[in-house]
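Single-structure report; data block below.
First the proteins, then the strands, lettered A, B, ... as listed; each starts at 1.
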Amino acid sequence: MRETIVERTQVATISLVDSSIESIRENDVVRTGLRLYANQRIGVAGALGACDPAELEQRARRAHDLAIPYPYPLEADRKRQVTLPCNLTDAGRGLEEAEIILRELRDHEDFRFSGKIKLISEIEEHANDRGLDLCYEQDLVTLSLIFKETNSGSIMDGHVGYFGRDYQREDFVEHVREVLEAYRNRVELPKEEKMPVVMVARDSGMDSPYSFFAHALNARSFATGASPLSKHHGNKVFSDRFTLWQCRDPEAMLGAFFDSEGVVLEGDRYPLIEAGRVVTPYTDKKSAADFDLPHTGAASAAYDGLPSLGCPPFEAGESEWTIAELLNGRNAVFVFLSQGGDFTPDGQFASPVQLAFLFDGRRLIGRLPPLKISSTVFEMFGDAFIGISKDTWPTISNHHLLATTMKITAT
Amino acid sequence: MFEFPKGLYVDLRVEDIHSTNIAYVLGEISQYTLRAYRAAFVRVFDGDRWYCKGLTDAEHLQATIDELAGLATPDTKIEKHPVIRALEVNQGEFRAFADEDLALVPMEEKNALIKGYIGAIAARPAVKSWTAKYLDRREIKHFISSLGADLIFDTQRCGAALQGQMAAEGDKTHFDLFSRAAVRFPELHGLENDIRSTFDRAEHFLENSCAVEPGTYPVILSPMAAGVFAHECFGHKSEADFMIGDESAATEWAIGKRIGAEILSIVDDGGVDGSGHVPFDDEGTRARRTDLIRNGVLAGRLHSAVTAAALGESVTGNSRAVGFSYEPIPRMTMTSIGPGELDKEELFSRVDDGIYVETIKHGSGMSTFTLAPNRAYRVVGGKIADPVKISVVTGEVFAALGDVVGLSDKVELQSFVGGGCGKMEQMNLPVGFGGPYVLVRSLDVR
């Protein structure tokens, strides 16, 4: 049996330096992978750019001779194509847009801007000769801009961005205005030792509030007793209001709806923590079989690599309330830029916050001095957990806000 | 060889890449990938903007040059442009590893090497889940420019990394890692004792570590932690692109300004063997040693041609791209703190009640820098005492640079495989770092 993986990424990148366009860059990269399966073994070969199918097959056959075991059934008899367009795809229009945006940004004379505007087109295909035929196509626009005050000696003072498929210039400009206006307004850190903390509920990365779960819900760590959640399998240890999904909904996550073994989840989601109860760690086919766990479709692989267990995108279940309703009249610390924090293995958390705003649930009131936040994972998502907003912030993004109560310390 | 359009600067780099990734997880092979490809990056500059393209079809370079030139506006005086005048023009073939090319080492030997180390971690009852990896990457770059640069050079690095997820009674868990990188394959032999020693210490940490009492402490950084401190706390601020057009930054970061303790010196040098080794950068500039801080005084910074021209300084060999899809920007190479005069024991004896940070998970640096320790210990009466679990060590950058009050007399340089430095969109750039043991008077520990 044979399986092919094709990834094509076209990116037009406009680089902004000191509020001017410095460069325009184009990339168009095709990656092709071929997997051969026979006798419960797998062989993989890949090519970057143009490839000779016969030569690729020959290399995959040689790889198969290495006798790497793969005793799992292949996905079969599923055809699905998802195409998600974007309203800004043309590189020429992107350049015009960059020039317009820069004119708007230059109105903020007390700030300088640098960063990237990218127009991205991606195609991912995963097909095999057992009837699997998956194709995900998306166009995206991303604006990732750092800003510096003109009298600042820092590398950066903050960032503003957009990541999505429905770019609206006026909304982005208004978002920048709101952030900069709040930045200009210095406010005192409230005297409370603990107070609500609000952060963007990013799905992955070091600054994701869910980074602890990348390790703690890894099937190998979990099943071998090396995760702090190992002993809590099936138990309720977090708030009723906290549900964590493994999520491959392309509308929500801006990524492919299948994993590297071609697995498609029902509803594109799998619950890992449900209403505070630890349901299951995330698994690929191998770890699910090895540890007798539910298979959640969490395989990852490079185009030319063997599929293996990888951390999937997470999504926390949103509440039925807006962030203003969740805060219920209380002011919160809005964590805007926080680098370098971490969890200890047993779940203690601490992080410096380089840029935070005082936030009332509707608007950023003003810039707080640098501070530190601390908690434990069991408090953050347990008794102290306030909820995930049903609204997004900024409204132009697809990011919901996470609110919890944490200890606040001035630096 | 190429027809360069008049009135424009053009450079191109063709990259021949060979990389290996072999991994075992809990006794079974999970990765066995050999990747070899040729790709290229072309830049055209018209004095106002750069027009760039990354391509996997390196046979069509002339067509790409012509395509990008069609977007640009020729300037008959382009060669007098400050950016172009800042560029070095080097020629020649500089293959340091032609006879020890990692691409010539059979996969079977690489596989045997990493399999041979599995026993040092797999047999430990406390290690519940483990991964053993062999990784390598060899790059041969051909850099050509319309100024006449024509360079062929190579870099390579290989390494073994063993990760263990550990657990013990009483809900104790700990993750630890042994990683050793080298530029030549034979240097990776004979690591068994070092691996065992790492996991002996990891097991001791697992069994005995307690939560730290949050507060401010004098902190001793190991050479590895000192390297992260140099890289994150100061190194990124020495990358000159953040200063372009910024008069405040130019004043705040003026050469000759005192910014740290008098005993503190930091250098960057791409000519040193290791994971930051780049004999030439991606603009064809030869690697060199750049003093960033000399005796507490700002002495230099890291440049591309663009930043060197903007600040009226010289290129330093630090314009690096993470791959064929990206343009080069100022980046570090091998960054390290210089030695002091104390031996290690003397340095520790200066701390009555403090913290020793031995290994690091990650670090970051803005106005506040952070270090997230993996293994750390109390220091009591000048001796390393009980292990402590710490989320993060933080400090204000300038205060910390001024608070360096002791340095040991030997520098250890660290190299790595897998991971690397991230900056904006360009992640996992190979760098190295190091230093002596460094005593900082006061840092916040949580």
Side chain, backbone, both or neither of [X] within contact of chain A (heavy atoms, under 4.5 Å):
{"X": "B/M424", "answer": "side chain"}
{"X": "B/V25", "answer": "side chain"}
{"X": "B/Y37", "answer": "side chain"}
{"X": "B/D57", "answer": "neither"}
{"X": "B/T394", "answer": "side chain"}
{"X": "B/S391", "answer": "both"}
{"X": "B/Y326", "answer": "both"}
{"X": "B/K361", "answer": "side chain"}
{"X": "B/Y32", "answer": "both"}
{"X": "B/L26", "answer": "side chain"}
{"X": "B/V127", "answer": "neither"}
{"X": "B/E232", "answer": "neither"}

Select one option (side chain, backbone, both, neither) describing which atoms of [X] are under 4.5 Å from chain B's heavy atoms.
{"X": "A/L337", "answer": "side chain"}
{"X": "A/Y70", "answer": "neither"}
{"X": "A/L95", "answer": "side chain"}
{"X": "A/L309", "answer": "neither"}
{"X": "A/S15", "answer": "side chain"}
{"X": "A/D28", "answer": "backbone"}
{"X": "A/T411", "answer": "neither"}

Item to complete: Please determine, among A/R59, A/Q354, A/R112, the option with the most heavy-atom pairs under 4.5 Å with chain B.
Response: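 Counting heavy-atom pairs under 4.5 Å, the top option is A/R112.
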
Query - Max heavy-atom pair count under 4.5 Å with chain B, selected residue of A/S308, A/S154, A/P352 - result: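 Top count of heavy-atom pairs under 4.5 Å with chain B: A/P352.
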
The residue among A/T283, A/D284, A/D290 that forms side-chain hydrogen bond (donor to acceptor under 3.5 Å, both in side chains) with A/S287 is A/D284

Q. Does B/R124 CZ have over 12 foreign heavy atoms under 6.0 Å away?
A. yes

task = Please indicate whether B/K257 has more than 12 foreign heavy atoms, meaning atoms of other residues, nucleotides or ligands, lying under 6.0 Å from its NZ.
result =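 Correct, the count exceeds 12.
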
Check against salt bridge (Lys or Arg N to Asp or Glu O under 4.0 Å), B/R49 and A/E99: CA-CA 13 Å; B/R49 288 178 182 169; A/E99 285 169 340; 3.0 Å; yes

Scanning both residues in full, the closest heavy-atom pair of A/A226 with B/K128 reads CB-CB, 3.9 Å

| query | What heavy-atom pair brings A/P307 and A/A301 nearest, and what distance separates the two atoms? | reply |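 Distance-wise, the nearest heavy atoms are CA-CB, 3.6 Å.
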
Lys/Arg N to Asp/Glu carboxylate O, A/R367 vs A/D157, below 4.0 Å: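 Looking at A/D157 together with A/R367, the answer is no, because their closest N to O distance does not fall below 4.0 Å.
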
Just say parallel, tilted or perpendicular for the rings of B/F205 and B/H174, cut-offs at 30° and 60°.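 It falls in the tilted class, 30° to 60°.
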
* Aromatic rings B/Y9 and B/W50: how do their planes relate, parallel, tilted or perpendicular, breaks at 30° and 60°? ->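 Taking B/W50 first and then B/Y9, their aromatic rings stand perpendicular (interplane angle over 60°).
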
d(B/L71 CG, A/E26 CD) to nearest 0.5 Å is 7.5 Å

query: Run the salt bridge (Lys or Arg N to Asp or Glu O under 4.0 Å) check on B/R38 and B/D16 step by step: do they pass?
result: CA-CA 5 Å; B/R38 170 177 281 198; B/D16 277 297; 3.0 Å; yes

Report task. Please list, chain by chain and in numerical order, all residues satisfying side chain to side chain donor-acceptor pair (under 3.5 Å) with A/R25, sequence neighbours excluded. Result ->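 If we apply the side chain to side chain donor-acceptor pair (under 3.5 Å) test to A/R25, skipping adjacent residues, the hits are A/T13, B/E327, B/E425.
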
